[in-house]
Novice: 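Shown below is the structure under consideration.
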Amino acid sequence: MRFAPLVHYAELSVAVAFGLALANTDSAGSLVVRNEGQNSLLTCSRSGAQELDNVHWDPVESYSYQNTSSVVPGPWVIDRDIIRMVGKLSIEEKVGQMSQIQVGQVIGCDGKLNESMVEHWINKWKVGSFLETPGNHDGEFSWYSPENFADVTDTVQRIALKTGPKLPIIWGLDSVRGANYVKGGTIFPSGTSTAATFNQQLAYEAGRIAAKDTRAAGVHWSFAPVLDLSVNKLWSRTYENFGEDPYLSSQMSSASVKGFQGDYKHDRSRVAACLKHFIGYGYPFDGSDRANRHIATHELLEYYVPPFQAAIDAGSATAMESYGVVNGEAVMLSHYYLTQLLRKQMGFAGLLVTDWAEINSQADIYATARNRTHATQIALQRTSVDMSMVADDESFMQATVDLVKNGAISEARLDESVARILQLKKDLGLFDSPFADKALAETVGSLQDVEAARDTARESITLLKNDKGVLPLSKSDRVLFIGPTLNSTRYMGGGWNVHWTGPSDEEGDAVYQGFGDTVIKGVEQVTGAAPKYMKAVDINGTGFVDIDKVIAAAKDADKIVIGLGENSYAENSGNIDGLLLPQKQLDLVSILASKAKKPIAVVLIEGRPRRLGNVPKLADAILDAYLPGAYGGLPIAEILYGKVNPSGRLPITYPATEAQASSTIWQSSYVDYRPQWPFGFGLGYSKLKYSNVTLSSNTLKMGSPITAKLTVTNHGPYPQKEPVQLYTHQHYRVGYAPDLYRLRAFEKVDLGVGESKTISLKLSAEELAFWDRNLRKRVEPAPVTVAINPFTQMDIHAVVELEADPEYVLDEADY
Ligand SMILES: *[C@@H]1O[C@H](CO)[C@@H](O)[C@H](O)[C@H]1NC(C)=O
Ligand SMILES: *[C@@H]1O[C@H](CO)[C@@H](O)[C@H](O)[C@H]1NC(C)=O
Ligand SMILES: *[C@@H]1O[C@H](CO)[C@@H](O)[C@H](O)[C@H]1NC(C)=O
Ligand SMILES: *[C@@H]1O[C@H](CO)[C@@H](O)[C@H](O)[C@H]1NC(C)=O
Ligand SMILES: *[C@@H]1O[C@H](CO)[C@@H](O)[C@H](O)[C@H]1NC(C)=O
Ligand SMILES: *[C@@H]1O[C@H](CO)[C@@H](O)[C@H](O)[C@H]1NC(C)=O
């Protein structure tokens, strides 16, 4: 809808194609729109209503696993048998291997897998890959148990193995925070939360468990981790990423890829990871999803590339390109982004897949190609793309076969891609064990995994304000809990959770069938009694519920806990015009502050840092829980009552004004940085002291890193985890405004009451190198402030002299 005015300028045919494209895009997550791609086989009159999948299983409480965190070599080698296999395929079969079709195309009008539709795609079009969950595409069940999901994937596999070249299919799924589309698969907090923990081990575990639960459903490939930088905070995909900082994101990226993949060439409980979305997705100019981005290439290399490089270095087997247009150029058709940068400069040798319908979208949405065939031709000629997530029709297959037959595309171009695809299938064991492993299903939802998800929530929740010791609550306090987010599992989950945009309000929490718990359930577990709870305001902020009763109850309480936040959304459905939370939610806080005059603690459950109006002044305590996932209820309650001491730190800048929507910790230092709360900020309940801070040298030279050493002491009264963060700020940089701060190292230490620990953090001159506009990576000598936790009370600084030859080039990019 937002593109509607363009229709006035477009040719009629383009406008029509455009409408279809939007319908396709929407159907990616809609529960009622089915197979409306122009070439779908069926038009069903079924309403699209789905059933609860009532398969029950008793997950084992714990299980052992193979723990590999080293990098598995590859995907850099193509085996001889794979090359021979490619040589035996027909053009049609090669093109089929390069095609990925969404599962809705094989779901019949009864909501069940329709085998004759599977045969259509595999016999006629030789399709070698499918994606997505039927639960997003009018399948029988709203959320598929491992058993029923595997029934679908195994049936498709069986058909593939008896048809044509008898090659196994590879199935891809957005298991972005645990296997969020597999019922009972342990749903983890979103990427922002993972980053807020400042604990890479939790990113590893989230990846490992997501992989196992995904594989239990007969799915071999996870479209994760999501590695965009969340720069414009209006962006609806902010929550999916590891925050705004290149270093923090890179650390999480590497751990996550290793978690997903483990030793994926041998370990059949792992899946292929997919670094996405390459590249520059996180700075849409107006904050709307897919909007074009203006990021100078040297800035792209400086900030946006490192998390992707970290994923490549960690061995990521696959990559996905990004929607839309960067610097005026469609990423999908860009030789520079997808071949020069990704393959040649960054050394990515794995399988590159498009995002949803992205080749067709060149003609249908972005007006960067004349028609779909034209888009296919340019994509194959200019880029190294291996697989098209088509996802709803035969356009790619038809066009590519024609293009090869008429000589526009060489068969060798196909061979290159097909070899990478078949090598991945081999590496994942699909030639030997193509079917789901039933034994894995028994571990899905095990307590061990649920505790890992809760640990991520426990370590991510960030205390932003705590005046007059309002928190932690005491069991003897009479507390009134209010606000829609405190009695909801789905608002804690947000998008990419059960369904693409999360469960709807109409569907409600019932869809979880017990896989998760709300905050008030968590409070009941912690205190032993059901708390007094009132909804008070609608999640959409459209109206109050029983406000007079709420005020009366508040007057009667010792303390008030108010849950504010966002309804769930994904991609376009999360577009907003401003950062302010719905007004009635904010009004609720001011009404209670003025009428009840009791201490107020606010819990934020939100996918992006929404502006809070007067709330930061009116509330005595504020906790940001981000999107803690279905198992977030207990951790939030534990933190409210001091059973767990908060140790999360903001992985993003929390804006105070609309104008700060794109403020980051790494913005130029001469620009005011006065956000609501800065990057890296967060409090705990204990009193910590930093002492004996030393630097091993006060000069920083290439090739000789220096060490910052310091002692942290916990003076209690609670055990405390503390992320020690080391930042640099260069005092000047000839011709290039230096960043306010750059995070260079961190370590999370765990301190008992009265305990001290000494830690060392390294810093090298090479880390202070930056990309200049000639795409050369250089170091400019200057004084540099080294700062420990600059945004907390522990602010500790020292100045070192960065000594370097400004002409020396560490790296050079070839545009
Ligand atoms: C798995 O490997 C990680 C990373 O090296 C390590 O921190 C973790 O303790 C290991 N877990 C087990 C169960 O061995
Ligand atoms: C299954 O697909 C075929 C077309 O391939 C169609 O004729 C049939 O009606 C479909 N069955 C259902 C239940 O949708
Ligand atoms: C699609 O675009 C190509 C390349 O510009 C052109 O040759 C072809 O005629 C177009 N096809 C249709 C159906 O318009
Ligand atoms: C919490 O929400 C559920 C619906 O998900 C509702 O049945 C229940 O009554 C609510 N609890 C309270 C205490 O309002
Ligand atoms: C909130 O708004 C959305 C989008 O308009 C709507 O689908 C949903 O039902 C509303 N929820 C409530 C609780 O009113
Ligand atoms: C700091 O160093 C001094 C001298 O080495 C030592 O006596 C003191 O215990 C240290 N303080 C802490 C908190 O470790």
Side-chain angles (χ1 to χ4, degrees), residues 1 11-14 16-17 26 29-32 34-35 38-46 48 101 103-125 134 137-140 155-156 159 236 333 359-360 362-364 367-382 394-396 398-400 402-403 406-409 483-485 487-488 490-491 494-495 499-509 535-545 563 565-570 572-577 581-585:
M1 266 191 321
E11 295 167 286
L12 187 60
S13 60
V14 175
V16 170
D26 285 350
S30 166
L31 295 177
V32 286
R34 59 166 304 104
N35 304 347
Q38 56 187 6
N39 299 300
S40 88
L41 300 175
L42 289 175
T43 309
C44 305
S45 54
R46 190 170 171 263
I101 291 296
V103 63
Q105 289 294 333
V106 293
I107 298 294
C109 291
D110 53 1
K112 295 185 177 154
L113 187 71
N114 181 323
E115 296 194 18
S116 70
M117 290 159 83
V118 177
E119 278 159 11
H120 167 84
W121 289 107
I122 293 181
N123 278 337
K124 180 158 185 222
W125 296 107
H137 299 275
D138 201 21
E140 187 179 8
T155 305
V156 173
I159 292 169
S236 61
L333 301 184
I359 292 181
N360 289 345
Q362 303 306 313
D364 299 346
T368 48
R370 178 176 184 138
N371 55 43
R372 292 173 168 198
T373 303
H374 188 212
T376 307
Q377 177 175 348
I378 304 297
L380 291 171
Q381 283 172 340
R382 291 196 189 159
E394 65 255 31
S395 55
F396 174 79
Q398 186 68 69
T400 307
D402 290 347
L403 288 165
N406 71 27
I409 298 290
T485 51
N487 184 30
S488 167
R490 65 190 184 282
Y491 300 146
H499 301 303
W500 179 47
T501 55
S504 65
D505 282 333
E506 292 68 27
E507 190 176 23
D509 272 7
K535 184 168 164 185
V537 67
D538 187 76
I539 185 74
N540 292 341
T542 48
F544 292 127
V545 185
E566 293 188 296
N567 207 334
S568 60
Y569 52 82
N572 279 333
S573 74
N575 286 347
I576 46 175
D577 297 328
L581 270 180
Q583 190 60 48
K584 283 265 183 337
Q585 288 199 28

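Everything numeric in this text was worked out from a predicted model, so none of it was measured. Start at 1 and go down the list; that is how both ligands and their atoms are numbered. Computed from heavy atoms alone, side chains included, the values below leave out hydrogens, waters and symmetry copies.
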Novice: Can you list everything that forms a side chain to side chain contact (heavy atoms under 4.5 Å, CB included) with N371? Sequence neighbours excluded, please.
Specialist: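 Checked N371 against side chain to side chain contact (heavy atoms under 4.5 Å, CB included); matches are T373, H374.
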Novice: Contacts table for ligand 3: protein N or O within a distance under 3.5 Å of ligand N or O, distances only.
Specialist:
residue: ligand 3; atom: 2 (O); partner: N371; partner atom: OD1; Å: 3.2
residue: ligand 3; atom: 2 (O); partner: N371; partner atom: ND2; Å: 2.4
residue: ligand 3; atom: 11 (N); partner: N371; partner atom: ND2; Å: 2.8
residue: ligand 3; atom: 14 (O); partner: N371; partner atom: ND2; Å: 3.3

Novice: Side chains of I539 and T485: closer than 4.5 Å at any heavy-atom pair?
Specialist: yes
Novice: Quick one: does H120 get a heavy atom under 4.0 Å from ligand 2?
Specialist: no
Novice: Heavy-atom contacts with N114 under 4.0 Å: which atoms of ligand 2 show up? List them by number with element.
Specialist: 1 (C), 2 (O), 3 (C), 8 (C), 10 (C), 11 (N), 12 (C), 14 (O)
Novice: Of N360, D364, T376, which is the lone residue that meets side-chain hydrogen bond (donor to acceptor under 3.5 Å, both in side chains) with S395?
Specialist: N360
Novice: Which ligand 5 atoms, with their elements, are less than 4.0 angstrom from a heavy-atom of E506?
Specialist: 9 (O)
Novice: Could you tell me whether some N/O pair between G108 and ligand 2 is separated by less than 3.5 angstrom?
Specialist: no
Novice: Quick one: does S573's side chain have a donor or acceptor within less than 3.5 Å of a partner on Y569's backbone?
Specialist: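 Looks like no, no N/O pair under 3.5 Å.
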Novice: Under 4.0 Å, heavy-atom basis, I'd like to know which part of N567 is in contact with ligand 5: side chain, backbone, both or neither.
Specialist: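 It is the side chain that touches ligand 5; the backbone stays farther off.
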Novice: Would you mind running through ligand 2 and noting each atom that sits below 4.0 Å from a heavy atom of D110?
Specialist: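 Listed by number with element: 13 (C).
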Novice: With the side chain counted from C-beta on, respond yes when R490 and E507 share a heavy-atom pair under 4.5 Å apart, and no when they do not.
Specialist: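 No. Closest side-chain heavy atoms not under 4.5 Å.
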Novice: Do T542 and N540 have side-chain N/O donor and acceptor atoms under 3.5 Å apart?
Specialist: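 No pair is found: no donor N or O on one side chain lies under 3.5 Å from an acceptor on the other.
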Novice: Report yes or no: do Y491 and D505 form a side-chain donor-acceptor pair below 3.5 Å?
Specialist: yes
Novice: Quick one: salt bridge (Lys or Arg N to Asp or Glu O under 4.0 Å) partners of D538, sequence neighbours excluded?
Specialist: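 Partners of D538 by the salt bridge (Lys or Arg N to Asp or Glu O under 4.0 Å) criterion come out as none, since no residue qualifies.
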Novice: Taking side chain to side chain contact (heavy atoms under 4.5 Å, CB included) as the definition, give me every residue that meets it alongside K124, ordered by chain and number, with sequence neighbours left out.
Specialist: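 Partners of K124 under the side chain to side chain contact (heavy atoms under 4.5 Å, CB included) test: H120.
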